[in-house]
*Asks:* 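Quick one: the structure is below, and I'll ask about it shortly.
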Amino acid sequence: MFKNVYPREKYLKKIRPFYDSDIIKVITGIRRCGKSFILRSIMNELLERGIEEKQIIYIPLDRRGYKNIKKPEELELKIESMLGKEDKYYLFIDEVQNVFGFESVVHAYAEEGYSIFITGSNSYLLSDEISTKLTGRYLNFETFTLDFSEYLDMKSFYKKDINQDLYLEFEEYVVNGGFPKTLEFDDIPTRQTYTRGIISEIFEKDVKTRKKIRNVPVYERVQAFLLNNYSAPFSLNNLLKCLEMEGYKTKATTVRGYIEDLKKAKIVYECNRFDLKSKTSIKREQKYYLSDMAIYFAMNTDNRLSFGPSLENIVYLYLASHDYQISIGKIGKLECDFIVRKKNRDYAYIQVAYTLQGEDIKATERIKEREYRPFREIRDGYPRYIISLDKFRDQQEGVHHINAIDLFLGKEKI
């Protein structure tokens with residue numbers, strides 16, 4: 001049905017058990033991360049299983065022939081026009097938020113036993129509105145941009161050259177990011193232009209239109225602040241002071257609202273602190289991570305690579321896309337980059353460092369002391385990891401030293 005579609009097995013294996021279920025499958029993720037191609041991969045798999053093409057109803061609401069469908073009754077009429085007399089149907093609706101009030105239609109077909117798959121704008125699909133209207137009837141499958149393993153695999157799939165030095169390939173991945181369509185372009189400026197277009201599209205369609213942002217300059221400054229301080233401790237007071245110094249008068253509630261909009265649009269992810277001593281979550285000095293590193297490089301004129309924060313950001317995305325629950329660890333005055341927990345599994349503690357090697361012996365000792373010290377304050381027996389780009393492992397004090405590229409490629413596990 002669809003040719004030349006790269007199958008993202010990482011997500012397909014999560015959705016596959018529900019192919020025939022009447023539970024509505026909602027696929028979310030930042031715009032242009034590949035949700036539509038996941039739908040096409042599912043349709044291809046159904047055809048390979050022997051499902052007939054006439055049993056598959058595909059409605060891409062952002063495409064010619066479907067763009068004028070805006071009302072629930074128009075959507076229902078379109079679906080009805082595509083039905084025959086089959087016992088089982090698979091309904092795929094792409095960009096479903098284009099139809100205001102689509103929930104009643106989707107819910108009705110789910111009640112009749114249709115297997116339904118939908119994608120759409122995250123600012124709506126993750127809102128309280130849809131949760132209320134489809135309560136108990138849907139599962140959310142969050143999709144991220146390509147991870148490093150998928151990036152290499154997709155380049156191979158489309159017969160693109162891959163540098164035999166994976167460390168150089170990784171540097172290119174960090175700058176170019178993992179938006180799938182960027183692999184069609186061979187030069188960095190074109191890729192960055194494409195990424196800037198994505199951010200502009202998100203702002204216009206998911207944020208500005210839906211929230212009716214009136215003070216666009218303040219919103220843009222808040223966005224720039226988060227994009228430029230990814231992987232760093234965040235302070236709302238510091239941001240408010242910066243805005244005031246730059247002549248912007250606004251309220252804390254307004255800024256919090258803009259940050260929520262950025263989170264719902266999946267431009268950034270929020271990671272809160274967890275205090276190991278009090279065993280409580282701390283709703284301050286959290287960190288924000290970008291949904292793709294290309295966002296930073298596309299939105300800034302300074303393209304110098306800051307490996308430490310970049311690697312931490314990519315490790316966060318790796319953990320999130322593998323369904324880990326993630327917090328920032330606070331141990332007294334010390335910080336552990338991540339405390340993670342997988343469903344039904346124990347905790348693990350993670351430090352991320354570009355390298356444990358300094359320019360000389362003393363510098364190396366300082367770096368190692370900085371990275372190992374938080375682990376010494378942890379009294380339980382859960383595993384501890386340091387993730388870096390070092391080719392040679394520094395195994396000591398019971399800490400597992402993992403090469404980041406080996407982790408991303410599945411050669412190492414946490």
Side-chain angles (χ1 to χ4, degrees), residues 1-67 69 75 78-79 81-84 86 88-99 102 106 109-110 114-122 125 138-147 149-160 177-185 194 198 201 205 266 292 321:
M1 191 175 190
F2 294 101
K3 295 181 180 179
N4 212 28
V5 175
Y6 169 67
R8 299 182 69 181
E9 180 62 22
K10 179 177 181 178
Y11 301 101
L12 293 174
K13 68 182 180 183
K14 297 178 184 179
I15 308 171
R16 200 171 281 129
F18 303 96
Y19 278 7
D20 291 302
S21 172
D22 61 359
I23 292 176
I24 300 163
K25 282 70 70 177
V26 180
I27 301 171
T28 60
I30 189 172
R31 281 184 183 267
R32 309 302 173 190
C33 71
K35 299 185 294 293
S36 299
F37 280 86
I38 289 175
L39 289 188
R40 295 175 188 179
S41 294
I42 294 170
M43 286 184 263
N44 284 345
E45 284 195 9
L46 291 173
L47 291 170
E48 290 167 3
R49 289 183 178 189
I51 301 299
E52 295 188 46
E53 193 166 338
K54 59 186 176 182
Q55 292 177 262
I56 297 174
I57 309 299
Y58 179 44
I59 301 179
L61 289 168
D62 61 341
R63 298 294 181 88
R64 189 174 61 178
Y66 300 91
K67 279 187 172 184
I69 301 174
L75 176 61
K78 186 64 177 181
I79 294 171
S81 72
M82 301 171 77
L83 299 178
E86 309 306 315
K88 176 77 173 180
Y89 282 99
Y90 300 83
L91 175 60
F92 296 80
I93 307 177
D94 205 0
E95 299 294 344
V96 72
Q97 83 287 340
N98 288 356
V99 175
F102 71 86
V106 169
Y109 283 106
Y114 286 58
S115 180
I116 300 173
F117 306 78
I118 63 176
T119 77
S121 163
N122 294 290
L125 290 181
Y138 78 98
L139 287 174
N140 177 45
F141 297 93
E142 185 162 7
T143 308
F144 295 78
T145 58
L146 300 172
D147 65 24
S149 178
E150 290 180 306
Y151 178 82
L152 295 177
D153 200 31
M154 192 171 180
K155 286 185 80 170
S156 177
F157 183 84
Y158 289 119
K159 296 180 172 55
K160 296 279 186 176
F179 288 102
K181 195 173 180 64
T182 59
L183 290 178
E184 295 181 12
F185 313 121
Y194 172 74
I198 294 172
E201 180 183 17
K205 295 183 178 179
K266 294 296 182 184
D292 194 277
S321 68

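Note that the coordinates shown come from a computational prediction; the quantities given were computed from them, not determined experimentally.
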*Asks:* Could you check whether any side-chain N or O of Tyr151 sits under 3.5 Å from a backbone N or O of Leu183, counting only pairs where one atom can act as donor and the other as acceptor?
*Replies:*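 No: the side chain of Tyr151 does not pair with the backbone of Leu183.
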*Asks:* How close do Ile59 and Lys78 get, heavy atom to heavy atom, and via which atoms?
*Replies:*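 Closest pair (atom of Ile59, atom of Lys78, distance): CD1-CG, 4.3 Å.
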*Asks:* In plain terms, say whether Asp62 and Lys67 are close enough for a salt bridge, that is, a side-chain N and a carboxylate O under 4.0 Å apart.
*Replies:*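 Looking at Asp62 and Lys67, the cut-off is not met.
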*Asks:* Report the C-alpha separation of Thr28 and Phe141 in whole Å, then their side-chain angles, then the decisive distance to 0.1 Å, and conclude whether the side chain to side chain contact (heavy atoms under 4.5 Å, CB included) test is met.
*Replies:* CA-CA 6 Å; Thr28 60; Phe141 297 93; over 6 Å; no
*Asks:* Which of these passes side chain to side chain contact (heavy atoms under 4.5 Å, CB included) with Phe157: Leu152, Val5, Asn4?
*Replies:*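 Exactly one candidate clears the test, Asn4.
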*Asks:* Could you check whether Glu9 pairs with Lys13 (Lys NZ or Arg NE/NH1/NH2 to Asp/Glu carboxylate O, under 4.0 Å)?
*Replies:*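 Salt bridge absent between Glu9 and Lys13.
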*Asks:* State, without any angle test, whether Tyr6 and Asp153 hold a side-chain donor-acceptor pair at a distance under 3.5 Å.
*Replies:*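 There is such a pair between these side chains.
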*Asks:* As a test of understanding, state which of Lys10, Glu150, Glu142 forms a side-chain hydrogen bond (donor to acceptor under 3.5 Å, both in side chains) with Ser321.
*Replies:*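 Running side-chain hydrogen bond (donor to acceptor under 3.5 Å, both in side chains) over Lys10, Glu150, Glu142 with Ser321 returns exactly one hit, Lys10.
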*Asks:* Are Phe117 and Phe18 an aromatic pair, judged by ring center distance below 6.0 Å?
*Replies:*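 No: the rings miss the under 6.0 Å criterion.
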*Asks:* Under the criterion side chain to side chain contact (heavy atoms under 4.5 Å, CB included), I'd like the reasoning laid out for Tyr58 against Met43: C-alpha separation, chi angles, the key distance, then a yes or no.
*Replies:* CA-CA 9 Å; Tyr58 179 44; Met43 286 184 263; 3.4 Å; yes
*Asks:* If every non-hydrogen atom of Ile198 is compared with every non-hydrogen atom of Arg31, which pair is closest and at what distance?
*Replies:*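 Looks like CG2-O, 3.8 Å.
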*Asks:* Looking only at side-chain N and O atoms, does Asp20 offer a donor or acceptor that is under 3.5 Å from a partner on Ser115?
*Replies:*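 No, because no side-chain N or O of Ser115 sits under 3.5 Å from a partner of the opposite role on Asp20.
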*Asks:* Step by step, would you call Ile38 with Ile15 a side chain to side chain contact (heavy atoms under 4.5 Å, CB included)?
*Replies:* CA-CA 10 Å; Ile38 289 175; Ile15 308 171; 4.0 Å; yes
*Asks:* Under a 4.5 Å cut-off applied to non-hydrogen side-chain atoms, are Phe92 and Ile57 in contact?
*Replies:*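 Heavy-atom side-chain distance check fails, nothing below 4.5 Å.
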*Asks:* Any chance you could measure Ile51, atom CD1, to Asn44, atom CG, to the nearest 0.5 Å?
*Replies:*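 Going from CD1 on Ile51 over to CG on Asn44, the span is 13.5 Å.
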*Asks:* So which atom in Val99 and which in Ile69 form the shortest heavy-atom distance, rounded to 0.1 Å?
*Replies:*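 The answer is CG2-O, 3.5 Å.
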*Asks:* Determine whether the aromatic ring centres of residues Tyr89 and Tyr114 are separated by less than 6.0 angstrom.
*Replies:*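 When the ring centroids of Tyr114 and Tyr89 are compared, they turn out to be within the sub-6.0 Å range.
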*Asks:* Distance check, rounded to the nearest 0.5 Å: Leu91 atom CG versus Lys25 atom NZ?
*Replies:*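 It is 9.5 Å, given to the nearest 0.5 Å.
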*Asks:* Pair Phe179, Tyr194 - check side chain to side chain contact (heavy atoms under 4.5 Å, CB included), show working.
*Replies:* CA-CA 9 Å; Phe179 288 102; Tyr194 172 74; 4.2 Å; yes
*Asks:* Does any part of the side chain of Leu46, heavy atoms only, come nearer than 4.5 Å to the side chain of Ile56, both counted from C-beta?
*Replies:*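 Ile56 reaches Leu46 side chain to side chain.
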*Asks:* If you compare all heavy atoms of Gln97 against all heavy atoms of Thr119, which two are closest, and at what distance to 0.1 Å?
*Replies:*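 Nearest heavy atoms, Gln97 then Thr119: OE1-O, 4.4 Å.
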*Asks:* Which atom names give the shortest non-hydrogen contact between Glu45 and Leu12, and what distance separates them?
*Replies:*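 So the two residues come closest at OE2-CD1, 3.6 Å.
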*Asks:* Within a 6.0 Å radius of atom NZ on Lys160, are there more than 12 heavy atoms belonging to other residues, nucleotides or ligands?
*Replies:*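 Yes, enclosed.
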*Asks:* Between Lys88 and Tyr90, is NZ or CZ placed under 6.0 angstrom from the six-membered ring centre and within 45° of the ring axis?
*Replies:*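 Judged by the rule, Lys88 and Tyr90 form a cation-pi pair.
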*Asks:* So, for Gly178 and Thr145, which heavy atoms are closest and what is the spacing to 0.1 Å?
*Replies:*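 Taking Gly178 first and Thr145 second, the nearest heavy atoms are O-CB, 3.4 Å.
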*Asks:* Answer with yes or no whether the side chains of Glu95 and Tyr66 bring together a donor and an acceptor at under 3.5 Å.
*Replies:*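 Result is no, nothing qualifies.
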*Asks:* Any side-chain heavy atom of Arg16 within less than 4.5 Å of one from Ile42?
*Replies:*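 Counting from C-beta outward, Arg16 and Ile42 never come under 4.5 Å.
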*Asks:* Can you tell me how far apart OG1 (Thr143) and NZ (Lys266) are? Round to the nearest 0.5 Å.
*Replies:*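 It comes to 10.0 Å.
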*Asks:* Working to the nearest 0.5 Å, report the span between CG of Leu139 and CD1 of Ile27.
*Replies:*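 Here the rounded value is 11.0 Å.
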*Asks:* Should we say atom CZ of Arg49 is surrounded by more than 12 heavy atoms from elsewhere, each under 6.0 Å from it?
*Replies:*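 Enclosed: over 12 neighbouring heavy atoms sit under 6.0 Å from CZ of Arg49.
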